[in-house]
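Presented below is the structure to which this report refers.
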Amino acid sequence: MAGKDDPQGQGVQPPPFDLREFLARLPNRPGVYRMIGAGGAVLYVGKARDLKKRVCSYFTRSQQSPRIAHMLERVERVEITVTRSEAEALLLENNLIKTAAPRYNILFRDDKSYPYLKLTGHAFPRIVYYRGAVDRRNRYFGPYPNAWSVREAIQALQKVFRLRTCEDSVFANRSRPCLLYQIGRCSAPCVGLIDERAYAEDVEAAARFLQGGQREVLAGIEAKMQAAAAELRFEEAAQLRDRLAALARLQSRQSMETGQDVDADIIVAVVRGGRACVNLAMVRGGRHLGDKASFPVHAAEGAAATPAEIVEAFVAQHYDGMPVPPVLVVDGPAPDEALLDWLQQQAGHPVQWIRQPQGVRREWLDLARQNAELSIARLLAEEGSQKERTRALAGLLGLDDGGDLDRLRIECFDISHTMGEATQASCVVYQHHAMQRGEYRRFNIEGIVGGDDPAAMRQVLARRYSDAALPDVVLIDGGAAQVGAARQVFEELGADVSALVGVAKGEGRKVGLETLVFADGRAPIAPGRDSAALMLVAQIRDEAHRFAITGMRSRRAKARKGSRLDEIEGIGPKRRQRLLARFGGLRGIMAASVDDLASVEGVSRTLAEEIYRRLH
């Protein structure tokens, strides 16, 4: 930034920050404060009912927690924003934490994309797994903590209520029942084997069950079963008996035995071994939908945050834009009053914060705590195992010289193409004992003979390291030819060739038989199946291969500017258009039978069989 004497007049240096004057001028108003460090980095964002009292407390207290003391050592200035209320300050605090990701804030990296179970607004509604924004045209149940719990519920409800799951385009073009009807998972409304009224009754029964009316639904099915048996309709009675049993099994797996239809979230935080875990258990309509464990970032910077701090941070960040149930059962002290007010504003209804539950709610809390303990124990075990793998690889490569293995950086390259078409190289990064997805890169390879992998490797390495720092290890997915090409690039760049390590496939390309090939003349090493170092190499190599393959397929599809139908001989623009119009898209075509395909104008039986064979 230009100084006061800058002839260009580009700007002036800001005056030095005077802490004493700044504190004296602080208002006794609600707002948000930001602790700023070197280079303008935001170290911490906080809210306050009274900015003057809160900010001054950081600099006037004789003792601070190790975490806060660690932060204050790095603070160069403080900035504030005044708000109209503490609830408004909380909202602003959340937004700033998300955008700035301050080092000393507890940060939950949650994509908020929780799945729902959806009943579509069709005359014959479809039951389907769904993520995204909700609307009024359809009915949504959830959110669920994970995809598995939604799919389990759909499968169980299919067995009991036999609701359709096919897309509308498929439903509109069926001429005979699909396989799901044959195995008792659908009542085949597409071909009129159940009328709209009877199907609607099944839909409403499924909705009542999802909303907590399990007993009512069970009683209704049981009454129908008894009536069918009394009228000697034994086959129908047997079907209803099986549906009743399936529903009872689902209820026994998911019920919290509340005795009432209740929506609640149970939240527990556990801190162990320098890591923190928050377990969220969801109860909807009295049914336990499952748990989701979250591991906050920065919770252990300097010193671990307390469980109460972690819970409040989770609640503020999780429910920003998410549905808030009427009951929160929380392991911890009473919340900040502003947090509870904000929750109720978000929810649009009263919210109970229960911190000393009794009876069944105490059982919920204990179960959530057990799951949190299990999750953090598993995380610590996995991290310990991964660190051992890093240490083993460093030792095998001669890098274990007492340095900080947490900073060991490995970059791995792979080349992918289809018969020389759409060649693409991938670069993945391993550091801090984990894959760093945010640092992955793809490179489109141009100007080489198709299939010349060594030439592709030369190009990607020259592009990558002409303006990037060299990592500790560069893994090359390939043998002597690729390593030789990489060595040429490193020699031209004046880089240390000892960092280059090739991963040559073993006999029969079997996992565990790979050989490590070195560019600096060292003899190749075959670590063996049981080598922890080779397990890590295989993990990084497989990730590079996956990343390259997905990129190559995307590029190939764009280059062809067509669909899988274009690859089938006999499918021209007209026939493709007719197929897409009839079935609503490629997915509908894939779901169609040979007879359905042959019914399209211009598609012969032979061509229909070929389309079916190529798409399955």
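Residue numbers run from 1 in the order of the sequence given.
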Test item: Ile549 and Arg546 side chains (from C-beta on) under 4.5 Å apart, heavy atoms: no
Hey, are Asp366 and Arg361 close enough for a salt bridge, meaning a charged N less than 4.0 Å from a carboxylate O? no
Please work out which of the three classes, parallel, tilted or perpendicular, describes the rings of Phe314 and Phe108, given edges at 30° and 60°. perpendicular
Ser375 side-chain N/O to Asn371 backbone N/O, donor-acceptor pair under 3.5 Å: yes
Rounded to the nearest 0.5 Å, what separates atom CG in Leu72 from atom OH in Tyr58? 8.0 Å
Compare every heavy atom of Pro296 with every heavy atom of Ala276, then report the nearest pair and how far apart it is. O-CD, 3.3 Å
Looking at every non-hydrogen atom in both residues, tell me the closest pair between Leu289 and Pro143 and how far apart they are. CD1-O, 3.8 Å
What residues form a side-chain hydrogen bond (donor to acceptor under 3.5 Å, both in side chains) with Ser57, not counting sequence neighbours? Arg54
Contacts of Glu388 meeting side-chain contact (heavy atoms from CB on, under 4.5 Å) (sequence neighbours excluded), chain-then-number -> Arg391
Does the side-chain contact (heavy atoms from CB on, under 4.5 Å) test come out yes or no for Arg139 and Phe141, once each step is laid out? CA-CA 7 Å; Arg139 286 193 282 180; Phe141 303 89; 4.1 Å; yes
Got Leu163 and Leu157 here, is their nearest side-chain heavy-atom distance under 4.5 Å? no
As a test of understanding, state which of Val32, Thr83, Asp320, Leu96 forms a side-chain contact (heavy atoms from CB on, under 4.5 Å) with Leu91. Asp320
Smallest separation among heavy atoms of Pro27 and Asp50, with atom names: O-OD1, 4.0 Å
Separation between CG (Asn279) and CD (Gln370), nearest 0.5 Å, reads 10.5 Å
Whether Arg284 side chain and Ala264 backbone form a donor-acceptor pair below 3.5 Å: yes
I want to check something: taking the side chain as every heavy atom from C-beta on, are Arg463 and Phe443 in contact at a cut-off of under 4.5 Å? yes
Which pair of heavy atoms, one from Ile376 and one from Arg272, lies closest together, and at what distance? CD1-N, 3.6 Å
Does Gln358, at its CD atom, have more than 12 non-hydrogen atoms belonging to other residues, nucleotides or ligands within less than 6.0 Å? no
Would a 4.5 Å heavy-atom cut-off, applied to side chains only, mark Tyr44 and Val75 as touching? no
Mind checking whether Tyr104 and His70 have parallel, tilted or perpendicular rings, split at 30° and 60°? tilted
Quick one: do Lys292 and Asn146 satisfy side-chain contact (heavy atoms from CB on, under 4.5 Å)? Show the steps, please. CA-CA 7 Å; Lys292 181 173 182 178; Asn146 51 61; 5.6 Å; no
Which of parallel (below 30°), tilted (30 to 60°) and perpendicular (above 60°) describes Tyr140 and Tyr130? tilted
Indicate whether any N or O donor in one side chain lies under 3.5 Å from an N or O acceptor in the other, for Gln386 and Gln539. yes
For Phe161, which residues count as a ring pair (Phe, Tyr, Trp, His ring centres under 6.0 Å) partner, sequence neighbours excluded? none
With the side chain counted from C-beta on, respond yes when Phe59 and Val78 share a heavy-atom pair under 4.5 Å apart, and no when they do not. yes
Should the heavy atoms of other residues, nucleotides or ligands under 6.0 Å from CD of Glu337 be counted, would the total exceed 12? no
Inter-residue atom distance Arg151.CZ - Leu117.CG, 0.5 Å rounding: 11.5 Å
Got a sec, which residues hit side-chain hydrogen bond (donor to acceptor under 3.5 Å, both in side chains) with Ser426, two or more places apart in sequence or on another chain? none
Could you state the interatomic distance from CE (Met35) to CD (Glu76), rounded to the nearest 0.5 Å? 13.5 Å
Hits for side-chain hydrogen bond (donor to acceptor under 3.5 Å, both in side chains) against Glu411, two or more places apart or cross-chain, chain-then-number order -> Arg409, Arg464, Tyr465
Rounded to the nearest 0.5 angstrom, the OG1-NZ distance for Thr60 and Lys53 is 12.0 Å
Any side-chain heavy atom of Lys387 sitting closer than 4.5 Å to one from Asp406? no
State, yes or no, whether a side-chain contact exists between Tyr430 and Cys412 at a heavy-atom distance under 4.5 Å. no
Go through the steps to decide whether Arg442 and Phe547 satisfy the test side-chain contact (heavy atoms from CB on, under 4.5 Å), and finish with yes or no. CA-CA 8 Å; Arg442 289 193 181 103; Phe547 192 58; 3.2 Å; yes
side-chain contact (heavy atoms from CB on, under 4.5 Å), paired with Ile127, selected from Thr120, Thr165, Val203: Thr165
Just wondering, do Glu88 and Pro30 contact through their side chains at under 4.5 Å, heavy atoms? no
Could you pull out the closest heavy-atom pair between Tyr440 and Glu543, with the gap in Å? OH-OE2, 2.9 Å
Could you list the residues that satisfy side-chain contact (heavy atoms from CB on, under 4.5 Å) with Arg77, not counting sequence neighbours? Phe17, Ile36, Glu79
Please state whether the rings of Tyr114 and His318 are parallel, tilted or perpendicular, taking 30° and 60° as the class boundaries. perpendicular
What are the two closest heavy atoms between Lys47 and Glu93, and how far apart are they? N-OE2, 3.5 Å
Gln346 side chain to Val324 backbone, donor-acceptor under 3.5 Å: no
Can you tell me how far apart NE2 (His433) and CZ (Arg407) are? Round to the nearest 0.5 Å. 11.0 Å
